[in-house]
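These notes are about the structure you will find just below.
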Amino acid sequence: MSAPARPRGLADTANDLANGTVTSHDLVRTALDRIDASQAELNAFRVVRRDSALSEAADADRRLAAGERRALLGVPVAIKDDTDIAGETTMFGCAGTFAVKEHDAEVVRRLRDAGAVIVGKTHSPELGQWPLTGGDAFGHTRSPWSRDHTPGGSSGGSAAAVAAGLVPAALGSDGAGSVRIPASWSNLVGIKPQRGRISMWPDAEAFQGLTTHGPLARTVADAALLLDVVSGNHPGDRHTREKITVSDAVGRDPGRLKIALSLKLPFTATPTRLDPRVRIRLAAFAATLRDLGHDVTLADPDYGILFGLSFLPRSMAGIEDWLHRLPDPALADVRTRANARTGRMLHGAPLRAARGAEPHLRRRVGRIFDRFDVVVTPTTATPPLPVNAIDDIGGWATDKVITAACPCAWPWNVLGWPGISVPAGFTDEGLPVGAQLLGSEDSEPLLVSLASQLESVLRWHERTPEPWW
């Protein structure tokens with residue numbers, strides 16, 4: 001079967017609709033047909049909103065014909081299945097019979113306000129715990145780049161949908177790298193914004209402040225546009241930020257920057273090492289930065305060996321909180337229930353201490369920004385894992401697998417600062433590798449500007465997977 005034509009990017013699609021060169025109905029129908037054709041193999045979506053999406057597309061066409069203009073009016077997008085949309089369930093990778101949601105999450109409200117048509121909800125591993133997207137409730141989501149490998153996680157369904165050309169962009173969430181990891185393993189741009197930039201409502205915060213929504217797209221401009229659309233706060237948010245327009249930084253010269261290239265992995269309780277295939281790609285990435293005129297120096301943030309003690313209570317307590325929302329917690333993976341028990345033990349004083357340590361950790365890690373503008377690290381320590389890498393193994397064995405592969409992203413969730421994963425090339429086997437651009441507080445515009453400059457040279461969006469599905 002020949003591959004269908006790829007959809008244009010988010011911004012280009014919005015312009016096409018505004019110019020009348022295409023209809024939302026045709027775009028949405030094409031996206032839905034691509035989803036249906038790929039679902040048996042890629043398995044990116046849990047919910048496909050065919051009837052609702054086509055109805056919303058028809059309404060968008062009427063509004064466009066009447067002269068209405070909004071940022072994403074009529075554009076098909078997808079959201080991760082940890083996010084509420086009225087009329088659908090939010091299962092977050094879990095088994096059970098869930099109640100239909102009556103209200104949209106704040107980010108969905110903002111997407112609708114911008115005119116986007118949400119074609120479906122994408123798969124996540126159970127409660128977003130793992131950097132692979134699979135589970136007993138729905139099987140495996142597979143990478144468009146390799147049938148035998150994961151697209152990453154936990155926003156793996158969103159990443160697979162974008163990388164496969166099913167939608168121009170999608171929303172994910174990032175609590176320990178869950179936007180940046182699948183961006184790295186799917187040749188995409190993934191932005192984890194500053195904590196509070198995007199509302200997590202109907203939760204005041206998610207996973208004790210670790211998790212935020214974030215966009216996945218093929219280009220920096222598209223990721224920035226989606227971030228602009230969903231940014232903003234709800235009166236119930238615990239963390240708030242003034243609204244900024246990061247799209248303004250796309251194409252802006254970042255100037256000559258002092259960049260710390262950090263290849264030393266943060267301390268973890270299990271052994272980790274940087275895969276030589278990733279090291280080679282990061283060396284080439286650093287060379288590109290130097291060619292662009294930046295001053296790149298080997299230097300590492302001072303995480304300290306106790307940094308993880310601030311992450312663990314918050315993440316485990318978040319799992320324990322979420323387990324209580326499930327209609328039947330007994331159906332959860334045995335590893336999920338074990339993590340929830342750990343979270344229950346770490347509630348109280350350990351959790352308060354972990355959260356109380358955050359200002360100290362910001363000062364300690366933030367010292368690197370006295371000397372550098374941006375920190376560059378691998379997004380992951382290894383190329384993409386096989387889809388079955390954690391199937392049928394115990395909790396400790398799972399922790400060793402995922403920590404060895406993904407030790408690089410989680411510290412910035414503790415700090416709450418922005419980070420962007422951008423493509424850094426491919427291994428000899430054709431597997432994508434990513435690099436993180438990490439900044440200090442509220443540094444999204446600087447990171448977007450640098451990412452956009454890199455994209456203008458590396459042109460990662462021009463390489464797309466050969467459809468095997």
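Hydrogens, waters and symmetry mates are skipped; everything else that's a heavy atom, side chains included, is used.
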Kindly give the heavy-atom pair with the smallest separation between [X] and [Y], and that separation in Å.
X: T380; Y: V278; value: O-CG1, 3.6 Å
X: Q194; Y: D442; value: OE1-N, 3.0 Å
X: A223; Y: I191; value: CB-CD1, 3.8 Å
X: L216; Y: A159; value: CD1-N, 4.0 Å
X: P359; Y: G356; value: CD-O, 3.3 Å
X: L265; Y: L274; value: CD1-N, 3.9 Å

Member of R197, R362, R363, R241 meeting the salt bridge (Lys or Arg N to Asp or Glu O under 4.0 Å) criterion with E441: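 The option that passes is R241.
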Would you say that [X] contacts [Y] through its side chain, given a criterion of any heavy-atom pair below 4.5 Å between the two side chains?
X: Q436; Y: C408; answer: yes
X: L446; Y: L257; answer: yes
X: I198; Y: L227; answer: yes
X: I79; Y: V107; answer: no
X: F285; Y: L261; answer: no
X: L289; Y: L454; answer: yes
X: V167; Y: V162; answer: yes
X: R46; Y: F138; answer: no

Which residues pass the salt bridge (charged side-chain N to carboxylate O under 4.0 Å, His left out) test with E455, not counting sequence neighbours?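 Checked E455 against salt bridge (charged side-chain N to carboxylate O under 4.0 Å, His left out); zero matches.
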What distance separates [X] [atom1] from [Y] [atom2], expressed to the nearest 0.5 Å?
X: I319; Y: Q208; atom1: CD1; atom2: CD; answer: 11.5 Å
X: D82; Y: S178; atom1: CG; atom2: OG; answer: 9.0 Å
X: S186; Y: I181; atom1: OG; atom2: CD1; answer: 11.0 Å
X: N339; Y: M316; atom1: CG; atom2: CE; answer: 4.0 Å
X: D399; Y: R335; atom1: CG; atom2: CZ; answer: 9.5 Å
X: L450; Y: I259; atom1: CG; atom2: CD1; answer: 5.0 Å

Looking at T211, N413, T212, which hits side-chain hydrogen bond (donor to acceptor under 3.5 Å, both in side chains) with D174?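 Among T211, N413, T212, the one meeting side-chain hydrogen bond (donor to acceptor under 3.5 Å, both in side chains) with D174 is N413.
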Does anything in residues 140-165 form a salt bridge (Lys or Arg N to Asp or Glu O under 4.0 Å)? List the pairs, not counting sequence neighbours.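 Those involving residues 140-165 are E41-R147.
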Salt bridge (Lys or Arg N to Asp or Glu O under 4.0 Å) contacts in which one or both residues fall within residues 416-425, not counting sequence neighbours: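 Sorted pair list comes back empty.
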For [Y], does its backbone N or O pair with a side-chain atom of [X] as donor and acceptor, under 3.5 Å?
X: K80; Y: G157; result: no
X: T141; Y: N43; result: yes
X: R364; Y: P301; result: no
X: R277; Y: D428; result: no
X: S310; Y: F307; result: no
X: T403; Y: K400; result: no
X: S158; Y: L171; result: yes
X: S155; Y: G172; result: no
X: R314; Y: R355; result: no
X: R110; Y: N233; result: yes

D84 vs V108, test: side chain to side chain contact (heavy atoms under 4.5 Å, CB included). Steps then yes/no. CA-CA 7 Å; D84 295 348; V108 171; over 6 Å; no
Between [X] and [Y], do the side chains contain an N or O donor and an N or O acceptor separated by less than 3.5 Å?
X: T379; Y: S421; answer: yes
X: H294; Y: D373; answer: no
X: T245; Y: D228; answer: no

Does the plane of the ring in F311 sit parallel, tilted or perpendicular to the ring in W410? Use 30° and 60° as the thresholds.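 Plane angle between 30° and 60°, so tilted.
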Please list all pairs meeting ring-ring contact (aromatic ring centres under 6.0 Å, His included) that have one or both residues in [range], counting only residues at least two apart or in different chains.
range: residues 213-261; value: W201-H234
range: residues 168-192; value: none
range: residues 149-172; value: none

Decide yes or no on salt bridge (charged side-chain N to carboxylate O under 4.0 Å, His left out) for R256 and D295, but give the supporting numbers first. CA-CA 7 Å; R256 182 174 182 177; D295 182 5; 5.2 Å; no
For D253 and Q453, what are the C-alpha separation, side-chain angles and deciding distance, and is it a side chain to side chain contact (heavy atoms under 4.5 Å, CB included)? CA-CA 7 Å; D253 184 356; Q453 184 187 54; 4.1 Å; yes
Given side chain to side chain contact (heavy atoms under 4.5 Å, CB included), test L437 with V376 step by step and report yes or no. CA-CA 5 Å; L437 312 178; V376 170; 3.8 Å; yes
Evaluate the criterion side chain to side chain donor-acceptor pair (under 3.5 Å) for residue pair H140 and N388; output intermediate values, then yes/no. CA-CA 8 Å; H140 294 117; N388 60 355; over 6 Å; no
Examine R463 relative to F426 and say whether NZ or CZ is less than 6.0 Å from the centre of the six-membered ring and inside a 45° cone about the ring axis.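 Yes, R463 and F426 form such a contact.
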List the steps, then state whether salt bridge (charged side-chain N to carboxylate O under 4.0 Å, His left out) holds for D104 with R109. CA-CA 6 Å; D104 290 336; R109 187 193 69 78; over 6 Å; no
Among R341, R344, M345, which residue meets the side-chain contact (heavy atoms from CB on, under 4.5 Å) test with E320?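 Among R341, R344, M345, the one that satisfies the side-chain contact (heavy atoms from CB on, under 4.5 Å) with E320 is R344.
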Intermediate values then yes/no, side chain to side chain contact (heavy atoms under 4.5 Å, CB included), L431 and S146: CA-CA 7 Å; L431 298 175; S146 169; 3.9 Å; yes
More than 12 heavy atoms of other groups within 6.0 Å of E462 CD: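 Atom CD in E462 is packed in, count exceeds 12.
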